[in-house]
2 protein chains.
Amino acid sequence: MKIGDLVKQHGVSVDTIRFYEKQQLLTPSARSEGGYRLYSHADNQRLSFILRAKSVGFSLQQIRELLQIEDNKSQWQCSDVKDKVQHKMTEIAEQISELQRFYQALAQLDQACCGGSVSATECSILTALEQGQPVLAEQHIPKQECAKC
Amino acid sequence: MKIGDLVKQHGVSVDTIRFYEKQQLLTPSARSEGGYRLYSHADNQRLSFILRAKSVGFSLQQIRELLQIEDNKSQWQCSDVKDKVQHKMTEIAEQISELQRFYQALAQLDQACCGGSVSATECSILTALEQGQPVLAEQHIPKQECAKC
DNA sequence: ATAAACCCTTGAGCTAACTCCAGAGTCAAG
DNA sequence: CTTGACTCTGGAGTTAGCTCAAGGGTTTAT
Ligand SMILES: [Zn+2]
Ligand SMILES: [Zn+2]
Ligand SMILES: [Zn+2]
Ligand SMILES: [Zn+2]
């Protein structure tokens, strides 16, 4: 199986496969006489493994670590694998938390602004960014009666 | 006010300030005879604006757009500002969604594995990544009686 | 035999937001 | 007047995960 056949099956680019090889993730098990990469069924499955791990958020570095386990299963324990998964879960939970903090801060800014067709000279979003005063919920101004804007 | 004074007030590095200048975010309003950057009170406030916008998740590019409005408030409307905020909220919501999908997929993998001190040869996490079969909740194996691992 | 389609290697470029470095000039205190 | 802290410019390097381009060699179909 040549590289072109492989990528068609998995919907990735040729460059990506060669990049994964440089990253020590997937090395073709043989080469043709002319130097073409030849992939076995096992190679094909290894790529599936990589792509599935990617699809749940693992980085290539982390996938490399998972593959080390996969390559030598008997020398590792369930706890090793589960630890990797839980560590990733923690990482992702942290990222989600930060984004949620952003989201809530933005929602407060959003609430405070009438969003009308009215000069931004006194927009409370800009004011909040200038002065850093947290925009309190009770400072919200109803749409039809925006005093500031 | 020289660059060192400015960074002490805001807790950013000198390089960051010069980088922001290259990015057209913050240009010192004057230079000393020897060529030192001199920042006015307005410059100082502008940096506050930038850092607050950053703290709610805006990219430097987006901050540049916000500053265009800030610099010419009378030519813009509340709706322009609110649109930027809402657009960012949408972006962040999308990022959160993707991370949550990752998280849920990982949680399923996590559930399926006993995490014990037992060979990984039949770890259901690895199996799932190899075969891509979604790990069903009922396949979960209680900790004390992990048949596979 | 020849043309199209495929593949090879090497190395550079991309995005974002810095960070660091070399080599030189400026400023303030003692 | 010298020392040390500060600042300047220009350019390169960082991380992650690709993506592209140049200049060739290989395969396969007609
Ligand atoms: Zn407004
Ligand atoms: Zn308003
Ligand atoms: Zn397991
Ligand atoms: Zn188990």
Side-chain angles (χ1 to χ4, degrees), chain A residues 1-40 43 47 49-67 88 91-92 94-95 98-99 102, chain B residues 1-40 43-44 46-47 49-67 88 91-92 94-95 98-99 102:
Chain A
M1 191 181 214
K2 286 187 295 183
I3 199 169
D5 305 322
L6 187 70
V7 305
K8 262 167 228 150
Q9 277 196 28
H10 293 275
V12 297
S13 81
V14 172
D15 279 333
T16 298
I17 298 299
R18 289 196 280 240
F19 175 72
Y20 286 174
E21 184 174 343
K22 209 185 309 174
Q23 297 295 304
Q24 317 257 42
L25 296 174
L26 179 66
T27 306
S29 50
R31 291 276 181 143
S32 77
E33 297 211 346
Y36 284 18
R37 289 170 177 81
L38 297 176
Y39 296 92
S40 67
D43 294 336
L47 179 55
F49 185 101
I50 292 167
L51 295 178
R52 282 195 202 99
K54 220 167 83 75
S55 79
V56 299
F58 284 110
S59 68
L60 298 190
Q61 166 59 37
Q62 289 168 332
I63 294 172
R64 197 170 12 243
E65 293 167 17
L66 286 172
L67 286 169
K88 189 75 210 180
E91 273 182 22
I92 289 179
E94 281 165 7
Q95 292 174 30
E98 179 170 34
L99 289 174
F102 289 167
Chain B
M1 192 182 214
K2 286 187 293 181
I3 199 169
D5 305 321
L6 188 68
V7 306
K8 262 167 228 149
Q9 277 196 27
H10 293 274
V12 297
S13 81
V14 171
D15 278 333
T16 297
I17 297 299
R18 291 196 278 242
F19 174 71
Y20 285 174
E21 184 174 342
K22 212 184 307 174
Q23 297 295 303
Q24 316 258 42
L25 295 174
L26 179 65
T27 306
S29 49
R31 289 274 179 146
S32 76
E33 298 212 346
Y36 283 19
R37 290 170 177 81
L38 297 176
Y39 295 91
S40 68
D43 294 336
N44 201 325
R46 190 180 179 86
L47 180 55
F49 185 102
I50 292 167
L51 295 178
R52 283 195 202 98
K54 221 166 83 73
S55 80
V56 299
F58 285 110
S59 69
L60 298 190
Q61 166 60 38
Q62 288 167 332
I63 293 172
R64 194 173 310 126
E65 293 167 17
L66 285 172
L67 285 169
K88 189 74 209 181
E91 273 182 21
I92 289 179
E94 282 165 5
Q95 293 175 27
E98 179 171 32
L99 290 174
F102 289 168

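Reminder, nothing fancy here: chain letters follow the sequence lines and each chain counts from 1.
- For Lys54(A) and dC18(D), the shortest distance from a side-chain N or O to OP1 or OP2 is below 4.0 Å.
- Rounded to a whole Å, the CG atom of Asp15(B) is 13 Å from the P atom of dA22(C).
- The nearest whole Å value for the distance from the CZ atom in Phe19(A) to the P atom in dC20(D) is 14 Å.
- Going from atom CG of Asp5(B) over to atom P of dA5(D) covers 16 Å, rounded to whole Å.
- For the pair Met1(A) CE and dC7(C) C1', the interatomic distance rounds to 16 Å; values are reported in whole Å.
- Two residues, Lys22(A) and Tyr39(A), neighbour DNA chain C, and the one matched to the more 5' nucleotide by heavy-atom proximity is Tyr39(A).
- For the OP1/OP2 pair of dT27(D) and a distance below 4.0 Å, the side-chain nitrogens and oxygens of Ser32(A) include at least one atom meeting the criterion.
- With dG17(D), dA17(C), dC8(C) as the choices, the nucleotide that has an atom nearest any side-chain atom of Ser59(B) turns out to be dA17(C).
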Report the C-alpha distance between Gln24(A) and Leu67(A) in whole Å, list the side-chain angles of each, state the deciding distance to 0.1 Å, and finish with yes or no for side chain to side chain contact (heavy atoms under 4.5 Å, CB included).
CA-CA 10 Å; Gln24(A) 317 257 42; Leu67(A) 286 169; over 6 Å; no
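- Among the nucleotides dC8(C), dC18(D), dC18(C), the one closest to the side chain of Leu60(B) is dC18(C).
- Look at CD on Gln24(A): it is 16 Å from C1' on dG17(D), rounded to the nearest Å.
- Comparing Gly35(A) and Thr16(A) by the nucleotide of DNA chain D that holds the closest heavy atom to each, the one mapping nearer the 5' end is Thr16(A).
- For Ile3(B), taking side-chain heavy atoms from C-beta onward, the closest of the listed nucleotides dC18(C), dT7(D), dT9(C) is dT7(D).
- The interatomic distance linking Arg31(B) (CZ) with dT7(D) (C1') rounds to 10 Å, in whole Å.
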Residue pair Glu21(A), Arg31(A): steps toward the salt bridge (charged side-chain N to carboxylate O under 4.0 Å, His left out) verdict:
CA-CA 13 Å; Glu21(A) 184 174 343; Arg31(A) 291 276 181 143; 3.5 Å; yes
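- For Tyr36(A) against dC6(C), a side-chain N or O and a base N or O form a donor-acceptor pair under 3.5 Å.
- Between Asp43(B) and Arg46(B) there is no salt bridge, since no side-chain nitrogen of the basic residue lies less than 4.0 Å from a carboxylate oxygen of the acidic one.
- Among the atoms of the strands shown, base atoms are found under 4.0 Å from some heavy atom of Arg18(B).
- Glu91(A) and Gln95(A) form no side-chain donor-acceptor contact under 3.5 Å, judged by distance and modelled atom types alone.
- For Glu33(B) and dT26(C), the CD to P distance is 11 Å, given to the nearest whole Å.
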Verdict with reasoning, Asp5(A) to Tyr39(A), per side chain to side chain contact (heavy atoms under 4.5 Å, CB included):
CA-CA 9 Å; Asp5(A) 305 322; Tyr39(A) 296 92; over 6 Å; no
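- Atom pair Arg37(B):CZ and dC6(D):P shows a separation of 17 Å (rounding to whole Å applied).
- Considering only side-chain N and O atoms, Tyr20(A) lies under 4.0 angstrom from the phosphate OP1 or OP2 of dC18(D).
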